[in-house]
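To start, the structure under review is shown below, and the notes come after it.
Residue numbering restarts at 1 for every chain, and letters A, B, ... go by the order of the sequence lines. Computed from heavy atoms alone, side chains included, the values below leave out hydrogens, waters and symmetry copies.
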Number of protein chains: 2
Amino acid sequence: MNAHDKVLGTALQLFTRRGYFNTSMRDITRESGVSTGSVYHYFKDKEGVASALYQQLVRRMQQELERIVAQHSSAHDQCRAVVELLFRICQQEPDVMSFMLYIRHREFLPKERPVCSSRPFEMMRDMVADGIRRGEIRPMDSLTAASCLFGGPIRLITLALDGILDKPLNECMDDAWACSWRAVAVS
Amino acid sequence: MNAHDKVLGTALQLFTRRGYFNTSMRDITRESGVSTGSVYHYFKDKEGVASALYQQLVRRMQQELERIVAQHSSAHDQCRAVVELLFRICQQEPDVMSFMLYIRHREFLPKERPVCSSRPFEMMRDMVADGIRRGEIRPMDSLTAASCLFGGPIRLITLALDGILDKPLNECMDDAWACSWRAVAVS
DNA sequence: GTCTATAATGAGATAGAC
DNA sequence: GTCTATCTCATTATAGAC
């Protein structure tokens, strides 16, 4: 693993566990074993580290969602696959999930658009909008429908990340998805 | 308005708009018009300001929820009243809503329990648990049910706070509530 | 209770050798 | 590309007069 990636990996851990502002460049160099000089060779500044990390994770999410769109044809199947993906990431790589939808990027990445406006979230809303057009999902404002469909699962994810949930997330999958789909499905 | 409350009001604005770590004690004294000495007379330190603010708002939410529990008897009516309350606060006092469910308290209030474990959130889960016992809400894990019921509205609130929502939140109320209730209601 | 002046610290970032 | 030593500066918090 090269120095560049070591820094990003360490930053992901520290930013999500302690928060961006509670993590000093010193912490990053110590934990990653990469010296100050090298860190600043690869990244312009501390914000540059966060920005690179953010873009890497958004790109990855986007690719995973593109695969889902390609593999499933109905809104029902696409959205369910998205929830399964989110739950899986949350369990297997909680730091990644945490950085994607828990951290307040705006406070330290003022130049980036808010996560909710990022491609992955747009794609999720597009799935729902298509579902409405096809008559799978009740006609209503698509942003409202997307919030109702994904809001429950996202809420469960934040509870899991906060350690409030007493059982593994995937055990909630069937009930949660049944509720989500019932909320918006036609008849 | 006394110095104590002026500080809390200013802190609420600055913490929610710029973030806790992007707000210096200097900012608070300048914006509130209260001098450093006075701020430190009323509060132990910066964390003390945040802590007082947090407890004030949690107490307020708790009182509002107690009123709702007293005024409505079914889980349906109680939960709907909660969503109406949350939407109203989000529109009329976005800073308050932002501080309650958007800000990452854990990063600067390590001693407080996470918001999700606070009384108001517990009360919301209790309403749902009672609804299940009474047969109004489908039998399932009550945490899952509460997430499915309130997850959609909470998601809409975060979108509104992020400025993504293009219309006023209350216009989403009827659709959102219909989805929420359909998600968990019996038959 | 309120104020100003200032001390003490720790952060981000740079310089420049290797 | 990598490293250590160091600079610069903003921030929190205190001291002590009024």
Side-chain angles (χ1 to χ4, degrees), chain A residues 1-57 95 98-99 103-112, chain B residues 1-57 95 98-99 103-112:
Chain A
M1 205 179 193
N2 58 27
H4 180 273
D5 292 348
K6 260 188 241 167
V7 170
L8 285 188
T10 306
L12 174 62
Q13 273 198 16
L14 296 178
F15 288 168
T16 50
R17 296 180 192 180
R18 307 182 187 170
Y20 177 82
F21 294 102
N22 290 322
T23 301
S24 68
M25 288 301 260
R26 188 75 200 275
D27 293 332
I28 294 178
T29 60
R30 194 187 319 108
E31 296 283 314
S32 66
V34 177
S35 69
T36 313
S38 290
V39 173
Y40 280 94
H41 172 73
Y42 287 109
F43 305 96
K44 182 174 171 293
D45 51 18
K46 188 182 173 187
E47 191 178 314
V49 176
S51 178
L53 190 54
Y54 178 75
Q55 285 168 23
Q56 190 188 65
L57 295 182
D95 289 339
S98 195
F99 197 90
I103 273 201
R104 299 224 34 192
H105 309 93
R106 312 203 60 170
E107 288 183 12
F108 55 91
L109 291 177
K111 292 165 195 159
E112 302 285 344
Chain B
M1 202 178 194
N2 59 26
H4 180 273
D5 292 349
K6 261 189 240 168
V7 170
L8 285 188
T10 306
L12 174 62
Q13 273 198 15
L14 295 177
F15 289 168
T16 50
R17 298 183 190 178
R18 306 182 189 169
Y20 177 83
F21 294 101
N22 290 322
T23 301
S24 68
M25 287 302 257
R26 187 75 200 277
D27 294 331
I28 294 179
T29 60
R30 196 186 320 108
E31 297 281 315
S32 66
V34 177
S35 71
T36 312
S38 289
V39 173
Y40 280 95
H41 171 73
Y42 286 108
F43 305 96
K44 183 175 170 291
D45 51 19
K46 188 181 173 187
E47 191 179 315
V49 176
S51 179
L53 191 53
Y54 178 75
Q55 285 169 22
Q56 189 188 67
L57 294 182
D95 289 339
S98 194
F99 196 89
I103 273 199
R104 299 226 32 194
H105 310 94
R106 311 201 62 167
E107 289 183 13
F108 55 92
L109 291 177
K111 291 164 197 162
E112 302 283 346

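Here the rule is side chain to side chain contact (heavy atoms under 4.5 Å, CB included) with A/Val7, and of A/Leu53, A/Ile28, A/Thr29 only A/Ile28 fits it.
Residues of residues 10-35 of chain A having a heavy atom closer than 4.0 Å to DNA chain C, listed by number: A/Thr23, A/Ser24, A/Met25. Heavy-atom distances under 4.0 Å link DNA chain D to B/Asp45, B/Lys46 of residues 43-52 of chain B, given in residue order.
Evaluation of the side-chain hydrogen bond (donor to acceptor under 3.5 Å, both in side chains) test over residues 6-18 of chain B, restricted to residues two or more places apart or in two chains, returns B/Thr16-B/Asp95, B/Arg17-B/Asp95, B/Arg18-B/Asp27.
Not counting sequence neighbours, the partners of B/His4 by the ring-ring contact (aromatic ring centres under 6.0 Å, His included) test are B/Tyr42, B/Phe43. Contacts of B/Tyr40 classified as ring-ring contact (aromatic ring centres under 6.0 Å, His included), with partners at least two apart in sequence or in another chain: none. Considering only residues two or more places apart in sequence or on other chains, A/Lys111 meets the salt bridge (Lys or Arg N to Asp or Glu O under 4.0 Å) condition with A/Glu47. Taking A/Glu112 as the reference, nothing meets the salt bridge (Lys or Arg N to Asp or Glu O under 4.0 Å) condition, with sequence neighbours excluded. Contacts of A/Asp5 classified as salt bridge (Lys or Arg N to Asp or Glu O under 4.0 Å), with partners at least two apart in sequence or in another chain: none. For A/Glu31, there are no salt bridge (Lys or Arg N to Asp or Glu O under 4.0 Å) partners at least two apart in sequence or on another chain. Checked against ring-ring contact (aromatic ring centres under 6.0 Å, His included), A/Phe108 has the following partners two or more places apart in sequence or in another chain: A/Tyr20.
B/Phe15 and B/Phe99 have parallel rings, their planes meeting at less than 30° on a 0 to 90° scale where 60° marks the start of perpendicular.
At whole-Å resolution of the value, NE2 in A/His41 and P in C/dA13 are 17 Å apart.
The span of DNA chain D lying next to chain A, judged by atoms under 4.0 Å from heavy atoms, is bounded 5' to 3' by D/dG1 to D/dT4.
In this structure, the separation between CG on B/Leu57 and CG on B/Leu12 is 6.0 Å, given to the nearest 0.5 Å. A distance of 11.5 Å separates CD in A/Gln56 from OG in A/Ser51, rounded to the nearest 0.5 Å.
Terminal axes of the helix from C/dG1-D/dC18 to C/dC18-D/dG1 (five pairs each, C1' rotation axis) are separated by 0°, to the nearest 10°.
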